[in-house]
Amino acid sequence: MVSEPRPGPGLDPDQKSTANSAEAWTLRRSGFGQSGGAHEETLFALANGRVGVRGGAEESGSAGGCFSARIYEKSPIHYHERFPGFASHTDTRIPIADPTGIELFVNDRRLHPEDPECVEFERSLDFRTGVLGRTTRWRLEDGAEIELQAERLVTLFGADVLATRWRLTATGFTGDLELRSSIRGDQAAPAQGDDPRIGVGSGSGMRWLEGFEQDGLAVATQATPDGARKVACAQLHASQSANFTPGEHSDEPALIRQHFHARLQSGIPLVLEKFAAWAFADSDAGAARELADRACGLAREAAGQGFDVLARKQRQVLDEFWNSAAVSIDGDPQAELAIRFNLFHLFQSAGRDAAGSAAKGLTGDGYEGHCFWDTEVFLLPVLALTAPELARSALEFRFRTLDGARRHAREMNHDKGALYPWRTISGDECSGYFPSGSAQYHINAAVAWGIRTYIEATDDFAFLAAGGAEVLFETARIWLQVGHFNERDNGRFHICGVTGPDEYTALVDNNFYTNRMAAAHLRFAADIWKQMGEQCPNARTELAAALALEPSEIDTWHRAAEAMYLPFDEDLGIHAQDDSFLEKPKWD
């Protein structure tokens, strides 16, 4: 049995039964329609911060796409005139091997959700268990019915495993059943077009290396178009029904299928469990067959535990999360459900193992899978209070890509410090539109804000010594190079030629948000410098030597923060967005 969740902070004990009712924790949708198919696949997507699986139905042949935070291709960006600092390449997330498909045949007739005889189709996503459930029912011409109860989870613990359980029951029908379980590798990222502001991904997919069957497992190996990264996916099945027999397997271009046969009898359910695992490696980390062996081992381990054990472990992970994140809103169950839905998706989409958290999570290929400053400003404050280990992982991604930020700073003619990109996967700037891309210097302040939020929430000062302070100081250095003490304005600190969060008002002087965030960044960096001298002086001395950072530079940070110019209109009594904002004509 899976235990009930413990009430977390903020839950009124008197409302425990309401807060823990299934409907208060479950998103449900009925009906299957072409118009809402992609939308529903996103709502019901599952992920673990490393891989994501969209919420399509298995018998459709694919869930709609599987993605990995590790897998992307690099494409050159072409300009008519390329200026210094313009991004040379972009990263584009591309789909990986999809092991969700299980085609269903009854007496040689394929059944799927778009079949006119499909009379029931309901999905349910339980935020407490992380299990996507589905009921699909077909009514045949003679009145007989076939019902499918499907369950799916992507493990939030251990390896990257997709576990699926099917329970098939017939009413008033006896006949032959065939299941064709597949791994597909024929999906590609959408082409981005010719406008570099949108993206330049060419619409390519993974290269299919090999598909084969060994010892009851189906295995597929792939490589990115440039061969820089490899993926192996393996699937293994287990049946609680003795009359399920494996049949032949078929290896087609970018597709491998395993066939299973059974005699379906009225009132006697047939159960099949499917376990798929992915393994990843860089191109120099061994041959594809070695990677395939690793994926096979992970699939065997998952199958050895079985669906119920994996579901129980999944529940334990989510119990711990909800114990910190539980929300109860008296009198508004829909708002309560909506907040839980969003918290669940934030938790499962947040990057693990120092991987970035993409703007669209791992539910699709929007924004080419890029990570933005939204991570630190919007996602990280939630995680710092509910899942601080994931907040730290988000900041470790910035530390892991610090050298890329240093390179970008040099491209922008800054002789020291680091400048983080507007959009990225690998750590390099991927925006081909400079005015609303690299010109957003406030991204550095967002990263600093994320560090500050995490430290205030956790008191994890050790993180600063382990890399956080290096990120904080290297990003702070940029403000003294992009800004200046303006002697024409009584020495106040001005920052010119930048773009604020309003990306339509680009390349302005003294964007209020940027200046305010820069001041907070510089003050915090100066404070941390002082605290490190008190709490870990040796670490500070080593870091200062590595960065050639002098106390006089810290003093200038503090002076710039205190002298920061913040636009203010005396007549209107408001802070203007930037120096020229109020001079623009009013729009109709």
Side-chain angles (χ1 to χ4, degrees), residues 356-357 359 371-381 384 391 394-395 397-399 401-402 404-406 408-409 412 414 416-424 427 429 431 435-457 463-464 467-485 492-503 505-529 553-554 556-567 575 577-578:
S357 298
C371 308
F372 294 75
W373 59 284
D374 310 49
T375 299
E376 284 79 18
V377 172
F378 300 111
L379 175 64
L380 196 140
L395 296 173
F397 166 71
R398 294 299 190 181
F399 180 64
T401 58
L402 180 57
R406 288 184 173 117
H408 187 44
M412 296 287 286
H414 302 303
K416 59 184 176 181
L419 179 62
Y420 279 100
W422 178 46
R423 54 192 298 172
T424 189
E429 176 63 82
S431 171
S436 66
S438 294
Q440 293 192 60
Y441 275 75
H442 65 85
I443 297 161
N444 266 15
V447 174
W449 176 262
I451 295 173
R452 175 179 171 179
T453 301
Y454 173 73
I455 295 299
E456 290 179 347
F463 166 73
L464 294 171
E470 187 172 354
V471 171
L472 183 64
F473 297 159
E474 284 286 80
T475 50
R477 291 178 129 168
I478 296 296
W479 297 120
L480 275 298
Q481 299 172 73
V482 72
H484 67 286
F485 294 97
R492 289 196 290 185
F493 196 82
H494 286 224
I495 300 176
C496 300
V498 298
T499 299
D502 173 8
E503 295 158 6
T505 309
L507 297 176
V508 299
D509 296 341
N510 295 308
N511 173 260
F512 178 86
Y513 175 88
T514 302
N515 287 21
R516 185 66 181 268
M517 289 290 283
H521 183 178
L522 291 166
R523 285 194 188 95
F524 181 59
D527 288 344
I528 292 301
W529 171 266
E553 191 172 349
I554 313 300
T556 309
W557 293 352
H558 186 77
R559 187 161 63 93
E562 294 304 311
M564 189 66 67
Y565 167 62
L566 299 174
H575 285 285
Q577 180 167 299
D578 56 69

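No experiment lies behind these values; they were computed from the predicted model shown.
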W373 vs V447, side chain to side chain contact (heavy atoms under 4.5 Å, CB included): CA-CA, chis, key distance, verdict: CA-CA 7 Å; W373 59 284; V447 174; over 6 Å; no
D502 and Q577 side chains, donor-acceptor separation under 3.5 Å: yes
Taking every non-hydrogen atom, the tightest pair across G500 and Q440: O-OE1, 3.7 Å
Any side-chain heavy-atom pair of V498 and V482 under 4.5 Å: yes
Side chain to side chain donor-acceptor pair (under 3.5 Å) partners of W479, counting only residues at least two apart: H521
W422 side chain reached by E503 side chain, heavy atoms, under 4.5 Å: yes
Aromatic contact, H484 with F493 (centres under 6.0 Å): no
ring-ring contact (aromatic ring centres under 6.0 Å, His included) involving H575 - partner list, sequence neighbours excluded: F512, F568
NZ/NE/NH1/NH2 to OD/OE distance under 4.0 Å, K416 and E553: yes
Under-4.0 Å salt bridge between E429 and R423: no
I455 vs L464, side chain to side chain contact (heavy atoms under 4.5 Å, CB included): CA-CA, chis, key distance, verdict: CA-CA 9 Å; I455 295 299; L464 294 171; 3.9 Å; yes
E562/R523 salt bridge by N-O under 4.0 Å criterion: yes
Y441 ring center near H414 ring center (under 6.0 Å): yes
Minimum-distance pair of heavy atoms, taken over all atoms of L522 and A561: CB-CB, 4.0 Å
N515-N510 side chain donor-acceptor pair, cut-off 3.5 Å: yes
Nearest-0.5 Å distance that lies between atom OH in Y420 and atom SG in C371: 12.5 Å
Atom NE2 of H494 with >12 non-hydrogen neighbours under 6.0 angstrom: yes
Working for side chain to side chain contact (heavy atoms under 4.5 Å, CB included), residues L395 and L380: CA-CA 9 Å; L395 296 173; L380 196 140; 3.6 Å; yes
Working for side chain to side chain contact (heavy atoms under 4.5 Å, CB included), residues I451 and V471: CA-CA 9 Å; I451 295 173; V471 171; 4.0 Å; yes
Residue list, side-chain contact (heavy atoms from CB on, under 4.5 Å) with W449, at least two apart or on another chain: R452, T453, M517
Side-chain ion pair, E470 and R406, N-O less than 4.0 Å: yes
For H408, all residues meeting ring-ring contact (aromatic ring centres under 6.0 Å, His included), sequence neighbours excluded: none
H442 and Y513 aromatic ring geometry - parallel, tilted or perpendicular at 30°/60° bounds: perpendicular
Within 45° cone of F485 ring axis and under 6.0 Å: R559 NZ or CZ: yes
Main-chain N/O of T475 paired to N444 side chain as donor or acceptor, under 3.5 Å: yes
Sequence-distant partners of F378, ring-ring contact (aromatic ring centres under 6.0 Å, His included), two or more places apart: none
Set of residues satisfying ring-ring contact (aromatic ring centres under 6.0 Å, His included) with respect to F397, sequence neighbours excluded: none
I495 vs D509 side-chain heavy atoms within contact, under 4.5 Å: no
Residue that, paired with T505, satisfies side chain to side chain contact (heavy atoms under 4.5 Å, CB included) out of N511, D578, T499: D578
